[in-house]
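Starting from 1, each residue takes its place in the sequence as its number.
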Amino acid sequence: MAEEKEQQKSRRKVMQPVKDLVSGNFLAKDAVVKNLPYMLFLGFLALLYIANGYMAEGTVRDINKVTNELKELRSEYITTKSDLMYTTKQSELIKIIEKRGLGLEESYQPPRKIVVTEEEKEAIGIDE
């Protein structure tokens with residue numbers, strides 16, 4: 001009998017904190033009430049930590065998005081630059097001009113320097 005009573009007491013000792021937790025009575029104890037501001041502060045810090053994690057993930061996603069966009073724009077720039085270099089070659093310009101029928105022809109003579117004398121300048125009315 002004595003052993004049974006001791007077993008029941010030990011069960012009560014184990015079950016009492018569980019009952020207090022389930023019923024909410026542990027919140028009314030002096031130690032909990034005394035440390036409530038500290039617990040609220042810890043809860044606030046936990047919320048800040050979680051929010052910071054979400055913000056960091058969002059920033060990483062934005063950085064990856066901008067990096068991919070930069071790569072696409074760089075490849076588009078290189079392609080456009082290559083097309084421009086090809087189109088502005090003399091032989092390609094001649095083909096384009098002939099297709100449009102502008103009546104322009106390629107000159108095979110080298111350029112010459114035009115020299116205007118002082119007398120010609122005065123006759124034209126150019127003052128330097």
Side-chain angles (χ1 to χ4, degrees):
M1 283 264 195
E3 289 179 17
E4 287 180 19
K5 287 183 179 180
E6 288 199 24
Q7 285 179 354
Q8 286 179 354
K9 285 182 182 180
S10 65
R11 283 185 197 157
R12 286 181 192 158
K13 286 181 182 179
V14 171
M15 294 302 290
Q16 189 62 38
V18 174
K19 285 181 183 178
D20 286 345
L21 180 66
V22 171
S23 67
N25 289 338
F26 80 98
L27 293 173
K29 293 187 180 183
D30 289 336
V32 174
V33 173
K34 181 180 171 185
N35 292 320
L36 190 61
Y38 180 69
M39 286 186 235
L40 290 175
F41 175 70
L42 290 179
F44 176 71
L45 286 179
L47 286 175
L48 284 179
Y49 184 74
I50 292 169
N52 186 32
Y54 279 115
M55 287 178 54
E57 286 179 17
T59 304
V60 168
R61 273 192 232 108
D62 289 343
I63 289 171
N64 288 336
K65 181 180 174 183
V66 169
T67 302
N68 290 336
E69 187 176 336
L70 179 64
K71 287 178 184 177
E72 289 176 19
L73 289 173
R74 183 174 286 140
S75 65
E76 183 180 339
Y77 163 74
I78 291 170
T79 303
T80 305
K81 186 176 177 182
S82 172
D83 290 345
L84 179 65
M85 292 295 288
Y86 178 75
T87 305
T88 56
K89 286 178 18 183
Q90 185 176 357
S91 59
E92 290 300 314
L93 285 175
I94 292 170
K95 289 178 186 176
I96 292 171
I97 291 171
E98 286 176 355
K99 284 182 185 177
R100 294 191 182 178
L102 297 176
L104 299 175
E105 294 179 8
E106 184 179 5
S107 174
Y108 294 104
Q109 297 177 355
R112 292 178 283 160
K113 184 175 180 181
I114 301 173
V115 180
V116 180
T117 63
E118 291 295 325
E119 298 155 357
E120 291 173 338
K121 286 183 187 178
E122 290 177 6
I124 297 173
I126 298 176
D127 294 328
E128 280 190 44

| task | First locate atom OG1 of Thr117, then atom CD of Glu122, and finally report the distance between them rounded to the nearest 0.5 Å. | result | 9.0 Å
| How long is the gap from CD on Glu105 to CD on Glu98, to the nearest 0.5 Å? | 9.0 Å
| field | Heavy-atom pair of closest approach, residues Val115 and Glu120 | value | O-OE1, 3.9 Å
| Does the pair Ile78 and Lys81 meet the rule for a side chain to side chain contact (heavy atoms under 4.5 Å, CB included), with working shown? | CA-CA 5 Å; Ile78 291 170; Lys81 186 176 177 182; 5.7 Å; no
| CG on Leu45 to CD1 on Ile50, rounded to 0.5 Å | 11.0 Å
Could you list the donor-acceptor pairs under 3.5 angstrom formed between side-chain atoms of residues 54-68 and any protein atom two or more places apart in sequence or on another chain?
from: Thr59; atom 1: OG1; to: Met55; atom 2: O; distance (Å): 2.9
from: Asn64; atom 1: ND2; to: Val60; atom 2: O; distance (Å): 3.4
from: Thr67; atom 1: OG1; to: Ile63; atom 2: O; distance (Å): 2.7
from: Asn68; atom 1: ND2; to: Asn64; atom 2: O; distance (Å): 3.4

| Nearest non-hydrogen partners of Leu93 and Thr88, listed with the distance | CD1-O, 3.7 Å
| Out of Leu42, Leu48, Leu40, which one pairs with Phe44 under the side-chain contact (heavy atoms from CB on, under 4.5 Å) rule? | Leu48
| Rounded to the nearest 0.5 Å, how far does CZ of Phe41 lie from OH of Tyr38? | 8.0 Å
| CD (Glu106) with more than 12 external heavy atoms under 6.0 Å | yes
| said: Tell me if a side-chain donor or acceptor on Glu92 pairs with a main-chain N or O of Lys89 at a distance below 3.5 Å. | reply: no
